[in-house]
*Asks:* 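Take a look at the following structure, please.
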Amino acid sequence: MTGYSTSVGGAIAAALERAEELRGLSDRPARERIMTIFGDDRSGLTINARIAARTPTEHRAQEGLGTRCIPWDELDARADEIVGLVDEVVGEVTLAVRNVPPVPRPSRSEDDLELAAFDDLIEELGRTTPSQLFPCWKRIRPSTSRGSWAAKPPCWPR
């Protein structure tokens with residue numbers, strides 16, 4: 001029994017090393033997890049990989065992919081497959097994310113129109129006088145016996 005434990009343990013250690021290796025090879029690394037699951041129809045050693053989705057489409061593309069399970073009663077016999085399963089799940093989610101169509105970006109003409117509108121706004125603001133920007137700062141009577149700042153706006157001399 002000790003030999004089997006060592007071979008499964010060694011295979012899991014090798015799979016974790018391979019997962020680290022794969023993470024370093026990509027600009028969008030997959031997060032690999034090796035988990036034990038008990039008590040349902042997926043009971044066994046589960047290997048899972050996911051890439052952080054940047055869009056909902058990338059998230060949907062990975063649904064149902066990137067998971068393999070070895071049932072407990074087969075684990076000793078299939079220990080040598082664990083490293084290969086890490087490669088499979090990472091490859092599967094990487095391919096799914098790579099095949100997602102790119103998000104359309106605004107065209108140059110839209111950017112140019114936006115910049116022109118911004119330039120017009122700046123030009124219009126440059127022609128605006130302080131009295132047009134601050135109509136509430138007109139001369140009014142002081143509301144207290146000590147006087148009020150409303151008689152003289154604090155920012156501009158009269």
Side-chain angles (χ1 to χ4, degrees), residues 1-137 154-156:
M1 189 73 174
T2 309
Y4 289 122
S5 297
T6 304
S7 68
V8 170
I12 291 173
L16 292 171
E17 285 178 29
R18 179 62 179 156
E20 281 297 316
E21 203 177 294
L22 292 172
R23 230 178 264 128
L25 297 176
S26 176
D27 60 336
R28 301 272 314 271
R31 183 182 71 168
E32 302 88 4
R33 294 181 297 175
I34 298 176
M35 308 170 282
T36 56
I37 296 179
F38 294 96
D40 65 4
D41 61 335
R42 297 174 303 142
S43 190
L45 185 74
T46 299
I47 301 163
N48 177 271
R50 287 285 176 265
I51 294 176
R54 293 180 181 162
T55 65
T57 309
E58 285 184 358
H59 179 74
R60 282 190 301 274
Q62 296 179 74
E63 286 179 1
L65 302 176
T67 302
R68 300 291 186 278
C69 182
I70 300 175
W72 291 120
D73 59 347
E74 299 174 18
L75 187 58
D76 290 332
R78 294 179 58 190
D80 59 335
E81 294 177 30
I82 296 174
V83 174
L85 292 177
V86 168
D87 285 330
E88 277 182 36
V89 297
V90 170
E92 196 172 73
V93 296
T94 300
L95 185 62
V97 169
R98 226 181 253 155
N99 288 336
V100 169
V103 176
R105 303 213 185 264
S107 67
R108 288 189 186 270
S109 60
E110 289 175 11
D111 287 344
D112 294 341
L113 292 174
E114 194 172 303
L115 285 174
F118 184 71
D119 288 341
D120 292 345
L121 177 65
I122 295 296
E123 191 175 311
E124 187 176 326
L125 285 174
R127 291 189 304 259
T128 306
T129 64
S131 63
Q132 289 171 319
L133 290 174
F134 300 102
C136 64
W137 282 12
C155 298
W156 296 298

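Heads up: numbering here begins at 1 and tracks the sequence.
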*Asks:* Between Ala77 and Asp80, which heavy-atom pair has the shortest distance, and what is it?
*Replies:* O-OD1, 3.7 Å
*Asks:* Quick one: pull up CZ in Arg98 and CD1 in Ile51 and give me the separation to the nearest 0.5 Å.
*Replies:* 8.0 Å
*Asks:* To the nearest 0.5 Å, tell me how far Thr57 OG1 sits from Asn99 CG.
*Replies:* 13.0 Å
*Asks:* Which pairs count as salt bridge (charged side-chain N to carboxylate O under 4.0 Å, His left out) when at least one residue sits in residues 16-26, sequence neighbours excluded?
*Replies:* Arg18-Glu21, Arg18-Asp87, Glu20-Arg23, Arg23-Glu32
*Asks:* I need the minimum non-hydrogen distance between Ala49 and Ala30, along with the two atoms involved.
*Replies:* CB-CB, 4.4 Å
*Asks:* For Val100, is there any backbone N or O sitting under 3.5 Å from a side-chain donor or acceptor partner on Glu58?
*Replies:* no
*Asks:* CD/Glu81 to CZ/Arg68 distance, rounded to the nearest 0.5 angstrom?
*Replies:* 11.0 Å
*Asks:* Output the distance between atom CD1 (Ile47) and atom CD1 (Ile82), rounded to the nearest 0.5 Å.
*Replies:* 5.5 Å
*Asks:* Do the side chain of Glu92 and the main chain of Gly66 share a donor and acceptor less than 3.5 angstrom apart?
*Replies:* yes
*Asks:* For the CZ atom of Arg78 and the CG atom of Asp73, what is their distance to the nearest 0.5 Å?
*Replies:* 10.0 Å
*Asks:* Rounded at 0.5 Å granularity, tell me how far CD1 in Ile12 sits from CG in Leu75.
*Replies:* 6.5 Å
*Asks:* Checking side chain to side chain contact (heavy atoms under 4.5 Å, CB included) between Thr46 and each of Ile37, Val89, Leu85, which is the one that passes?
*Replies:* Ile37
*Asks:* Only one of Ile34, Val86, Val83 clears side chain to side chain contact (heavy atoms under 4.5 Å, CB included) with Leu16; which?
*Replies:* Ile34
*Asks:* Looking at every non-hydrogen atom in both residues, tell me the closest pair between Pro71 and Cys69 and how far apart they are.
*Replies:* CD-O, 3.8 Å
*Asks:* Checking Ser43 now: which residues fulfil side-chain hydrogen bond (donor to acceptor under 3.5 Å, both in side chains) with it, not counting sequence neighbours?
*Replies:* Trp72
*Asks:* State which residues pass side-chain hydrogen bond (donor to acceptor under 3.5 Å, both in side chains) with Thr67; sequence neighbours excluded, sorted by chain then number.
*Replies:* Asn48
